[in-house]
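Positions are given from 1 along the sequence. When a ligand or atom number is given, it counts from 1 through the structure's own listing order. What you see is a predicted model, and the numbers here were worked out from it, not measured in a lab.
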Amino acid sequence: MLTMMFDGSMNTEEWGGGTKSIAGVDDILKKATEFVPLTRDEGLRLMKIPLHSLDCYRMMAAANRMSREQFCSKGENHLHIGLNVEPCPLDCLFCSLTHKAGIFTEKVDYSEEQILSWARYAEKLGCDGINLMTTGTYPFLRLLEIGKLLSQEVSVPLIANTRDINHAEGEALLAAGFVGAYHAVRLGEGRDTPLDRNKRIKTIQVLRDVGLKWMNCVEPVGPEHSAEELIDLMFLARDYGATYSGVMRRINFPGSPMTKFGMITELEMARLVAISRLIMGDVPKAHCTHEPHSASLLAGANLFFPEVGSNPRDGQEDTSTGRGNSVEACQKIHREMNLDPSLPSNCYQ
Ligand code: SF4
């Protein structure tokens with residue numbers, strides 16, 4: 001039971017949060033809300049703030065205020081279109097599209113008509129970006145063709161989400177009509193994936209060099225990830241100037257080898273969304289969370305990814321019939337939380 005105190009606050013000790021402040025939290029929150037860059041040590045101190053504590057809600061409130069001020073209460077929606085389904089030979093442990101997971105045994109390349117129809121749906125509903133995702137071995141030239149096609153047919157900015165690239169490939173993405181690329185150094189990169197962390201970072205540098213916007217998320221977060229691992233990726237995002245970089249949790253698909261670790265809750269994700277928001281300072285143009293939910297919109301997030309096509313968290317071939325949220329559903333959550341999806345995007349300024 002919660003006890004309401006005379007001053008209107010709640011006795012959070014009764015539900016495990018505690019009322020004692022972590023040393024220096026007031027100064028860190030003040031610094032962050034004045035958009036002064038935090039240090040790594042300050043970030044690590046924020047990671048010690050327990051869920052449900054008063055400091056946790058103060059931190060979420062500070063992050064919320066920063067985003068609503070900086071992003072002018074804009075609710076962003078970037079439609080994820082998974083272009084293909086394939087038993088991916090790269091076998092990242094958290095992904096449902098892997099060969100090892102055995103969920104998908106056939107290759108599916110969505111037709112141009114289908115992809116165009118999804119892109120037109122995004123345009124019609126006023127999406128702020130279209131994020132074209134491929135599996136790890138999808139032909140790069142095919143991605144360029146799809147980019148060229150969509151950039152002629154729809155006005156929504158295109159973002160690529162594909163393998164590591166070099167400078168020439170970065171230039172080719174630009175020429176095909178892409179304005180940016182989503183490219184995350186994943187948690188456990190090189191351990192839970194066969195990919196090289198340094199090569200991933202090199203690609204981020206390529207994006208910056210050629211003038212593609214770099215979109216990022218700290219992902220896929222599970223309960224086993226240490227404060228240091230999470231903070232490292234939050235600071236990488238700030239230091240390389242991510243257009244956005246919030247937090248996405250790992251979804252354990254049925255049979256996932258990560259099931260033994262469990263999953264974090266949406267509320268735990270909101271706490272991390274707040275910490276990453278404080279760390280990002282005045283760098284980002286938006287702050288993402290995935291999958292779409294309300295709690296993180298009170299903790300500094302304003303960007304959702306509705307999803308169609310393939311999805312590395314789903315067992316359904318087309319996620320619009322599975323875990324994927326529609327654009328309408330995402331916009332509804334935004335509106336319920338007093339964010340306005342109809343305002344212009346801040347991401348491309
Ligand atoms: S995350 Fe990407 S590269 Fe890794 S297995 Fe899944 S589709 Fe392949």
- Message: If the cut-off is 2.8 Å, does any N/O/S atom of C95 fall short of it from atom 4 (Fe) of ligand 1?
- Response: no
- Message: What I want to find out is whether E145 reaches R142 closely enough, with some N-O distance under 4.0 Å, to be called a salt bridge.
- Response: yes
- Hey, could you give me the CD1/CG distance between I81 and D318, rounded to the nearest 0.5 Å? 10.5 Å
- Find the distance between CD (E317) and CG (N311) and round it off to the nearest 0.5 Å. 12.5 Å
- Message: Please confirm whether E86 approaches ligand 1 to less than 4.0 Å, judged on its heavy atoms.
- Response: no
- Centroid-centroid under 6.0 Å between Y182 and W214 rings: no
- Query: So is T98 in contact with ligand 1, going by heavy-atom distances below 4.0 Å?
  - Reply: yes
- Message: Heavy-atom pairs closer than 4.0 Å: do any link ligand 1 to the side chain of R186, the backbone, both, or neither?
- Response: side chain
- Query: How close does the nearest protein non-hydrogen atom get to atom 4 (Fe) of ligand 1, and which residue and atom is it?
  - Reply: C92 SG, 2.3 Å
- Query: Any luck finding a side-chain donor-acceptor pair between R65 and Q70 under 3.5 Å?
  - Reply: no
- Task: Taking the side chain as every heavy atom from C-beta outward, state whether D340 and K74 have any pair of such atoms under 4.5 Å apart.
- Result: no
- Query: Are H287 and E76 close enough that a side-chain donor and a side-chain acceptor fall under 3.5 Å?
  - Reply: no
- Item | Protein residue, atom and distance nearest to atom 8 (Fe) of ligand 1, heavy-atom basis | C88 SG, 2.4 Å
- List the closest protein heavy-atom neighbour of atom 2 (Fe) of ligand 1: residue, atom name, distance to the nearest 0.1 Å. G136 N, 4.3 Å
- Just heavy atoms, cut-off under 4.0 Å: does D91 contact ligand 1 by side chain, backbone, both, or neither? backbone
- Item | Of the listed options T162, L90, T135, closest to atom 3 (S) of ligand 1 (non-hydrogen atoms) | L90
